[in-house]
*Asks:* 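Next up is a structure, given as structure tokens.
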2 protein chains.
Amino acid sequence: MKRIADSTVRRLSLYLRFLEDFEKRGIGTISSDELAARGGTTSAQVRKDLSFFGSFGKRGLGYSVAELAARLRQILGLEREWQVIIIGAGKIGAALAQYHGFAQRGFRIVAVYDSDPAKVGRSVDGLVIQALDSLPDEVKHQPADIAVLAVPATSAQEVADMVVKAGIRAILNFAPHQLQVPDTVAVKAVNMAMELEGLSFALTNG
Amino acid sequence: MKRIADSTVRRLSLYLRFLEDFEKRGIGTISSDELAARGGTTSAQVRKDLSFFGSFGKRGLGYSVAELAARLRQILGLEREWQVIIIGAGKIGAALAQYHGFAQRGFRIVAVYDSDPAKVGRSVDGLVIQALDSLPDEVKHQPADIAVLAVPATSAQEVADMVVKAGIRAILNFAPHQLQVPDTVAVKAVNMAMELEGLSFALTNG
DNA sequence: ATGAACTTGTGAATTTCTTCACAAGTTATC
DNA sequence: GATAACTTGTGAAGAAATTCACAAGTTCAT
């Protein structure tokens, strides 16, 4: 199977969101053109994106909303539940732990860790904050698929190393630090400072 | 001036972060190769990125860390302070308001708005939460450059319209909703659900 | 002053991503 | 069942981004 571009995966995720919206509104079929209009892209792009995975539409008619949504969920691996741990119970970590949108989409937060002894033992949204040191053992008992890093930039690499060593193969990194990990580990970064600087650039050079 | 790709701007932002780190550690000059190693790219990419804006290095020697950092700050428009308003004082909005990393990089949060009367009047990190209705008037008195949307997906478009109407030309959108705005307005989206789905895809098809 | 070791800046080549364009299939109407 | 109006799926073309490769400039050691 050919390597799928990151940009394609991001668009699939967008399409799925639109489809779920259409599904809720009781719309049965949709054309690539309508889907494209919603996502700020073109119908050819939509069809090309989908073509990497098969052909899901009917010529002359379009796509069945329910069916395409199901196929996208399958492609994106959203048919199962993923176990997520959050590392860092500061402002961002705590906000993420309390955000229930994740659970709704099958990302279940199973643990929250922090290295600060003052925080360990307290609870966030029903989860007791655990000592970061205990992570390797805990993960053995209750495996986790994805680690969310909400720690300061200075300790991000160290924590990432620990997480990788514990066998976790996907990291969502909120720390403004470029992580170095083996290429068997998937990393996505959410970097607000970078986005703001992108806006600053746009405002300056617009 | 040729249009600069988004990916280039993101990398410039990364380079700047590394340079600031090198600056702190007292390193005077750096080669494109060292900069590339840090950012997971290639030296040719670094040089190409910079070449869109001029030539800042010395052949045989590399780049002056301080000088290149200064040029990047200038290019990214970070020499001035940007006035930021946060809309939505929920979990995410409040966490952002309390995150001081923004201010350190010249993004000063000047106001927080919410449409919930129960929240209006309370304060977050020294800022009194204001009624969303009052935004158009408030922005006239104290202009804002960037609006951060931390509202539910269902009201995101409505709030974006309001913000655009008030004359704000840059939006950082945390709501999982694709905004439609005039192309004079710059939008960056931070979409955690999308990033998680990207990880889900990687884990499934890795 | 010369040679060796670096490193930049940049056209050209290459690779990757997006858009075009159209055959082929579907539905609706008369 | 013939025609018109759609829409998909995809090879080919085009555009954009990345990488290559090398001339030209700099430093350092001898």
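Chain letters run A, B, ... following the sequence lines, proteins first and then strands; every chain starts at 1.
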*Asks:* Please tell me whether A:Glu195 and A:Asn191 have a donor and an acceptor in their side chains that are separated by less than 3.5 angstrom.
*Replies:* no
*Asks:* Nearest whole angstrom, please: distance from the C1' of D:dG9 to the NZ of A:Lys58.
*Replies:* 15 Å
*Asks:* Where each residue is assigned the nucleotide of DNA chain C containing its nearest heavy atom, which of B:Gly60 and A:Thr8 is assigned the position nearer the 5′ end?
*Replies:* B:Gly60
*Asks:* Quick check on DNA chain D: between B:Arg47 and B:Leu61, whose nearest nucleotide comes earlier from the 5' end?
*Replies:*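 Taking each residue's closest nucleotide, the earlier one in sequence belongs to B:Arg47.
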*Asks:* Please confirm whether the shortest side-chain N or O distance from B:Ser51 to OP1 or OP2 of C:dG9 is below 4.0 Å.
*Replies:*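 Looking at the OP1 and OP2 atoms of C:dG9, neither is under 4.0 Å from any side-chain N or O of B:Ser51.
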*Asks:* Indicate whether any N or O donor in one side chain lies under 3.5 Å from an N or O acceptor in the other, for B:Glu158 and B:Ser155.
*Replies:* no
*Asks:* Specify the separation, in whole Å, of atom CG of A:Leu12 and atom P of C:dC17.
*Replies:*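 These atoms are roughly 13 Å apart.
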*Asks:* Could you verify whether a donor N or O on one side chain and an acceptor N or O on the other, from B:Asp49 and B:Tyr15, lie under 3.5 Å apart?
*Replies:*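 Side-chain D/A pair, B:Asp49 to B:Tyr15: present.
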*Asks:* Phosphate oxygens OP1/OP2 of C:dT8: is one of them under 4.0 Å from a side-chain N or O of B:Ser32?
*Replies:* yes
*Asks:* Could you tell me whether the phosphate oxygens of C:dC17, OP1 or OP2, come under 4.0 Å of any side-chain nitrogen or oxygen in A:Ser7?
*Replies:*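 Answer no for this pair, as no side-chain N or O of A:Ser7 is under 4.0 Å from OP1 or OP2.
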*Asks:* Which is more 5' along DNA chain C, the nucleotide nearest A:Ala44 or the one nearest B:Ala44? Just name the residue.
*Replies:* B:Ala44
*Asks:* What is the distance, to the nearest angstrom, from the OH atom on A:Tyr15 to the P atom on D:dT8?
*Replies:* 12 Å
*Asks:* Using whole Å, report how far CZ of A:Phe56 lies from C1' of D:dT8.
*Replies:* 13 Å
*Asks:* Would you say a side-chain N or O of B:Tyr63 is under 4.0 Å from OP1 or OP2 of C:dC6?
*Replies:* no
*Asks:* What integer distance in Å separates B:Asp49:CG from C:dG9:P?
*Replies:* 12 Å
*Asks:* Does any donor atom in the side chain of B:Thr42 or B:Gln45 lie under 3.5 Å from an acceptor atom in the other side chain?
*Replies:*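 There is no such pair between these side chains.
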*Asks:* What is the distance from CZ of B:Arg10 to P of D:dA17, rounded to the nearest Å?
*Replies:* 14 Å
*Asks:* Among C:dT19, C:dA24, D:dA17, which nucleotide has an atom closest to any side-chain atom of B:Ala5?
*Replies:* D:dA17
*Asks:* Roughly how many Å is it from NZ in B:Lys48 to P in D:dA16, rounded to a whole number?
*Replies:*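 Checked: the NZ to P distance equals 15 Å.
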*Asks:* So, is A:Gln45 close to the C:dT19 phosphate, meaning a side-chain N or O under 4.0 Å from OP1 or OP2?
*Replies:*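 So the side-chain polar atoms of A:Gln45 do come within 4.0 Å of the phosphate oxygens OP1 or OP2 of C:dT19, strictly under.
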*Asks:* For D:dT19, does OP1 or OP2 lie under 4.0 Å from any side-chain N or O of B:Thr42?
*Replies:*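 For D:dT19, OP1/OP2 do have a side-chain N/O of B:Thr42 under 4.0 Å.
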*Asks:* Report yes if the side chains of A:Leu196 and B:Leu172 come closer than 4.5 Å at any heavy-atom pair, otherwise no.
*Replies:* yes
*Asks:* Measure the distance from CZ on B:Arg59 to P on D:dT26 and round it to the nearest whole Å.
*Replies:* 8 Å
*Asks:* Heavy atoms under 4.0 Å, any strand shown: does B:Ser43 hit a base, just sugar-phosphate, or nothing?
*Replies:* nothing
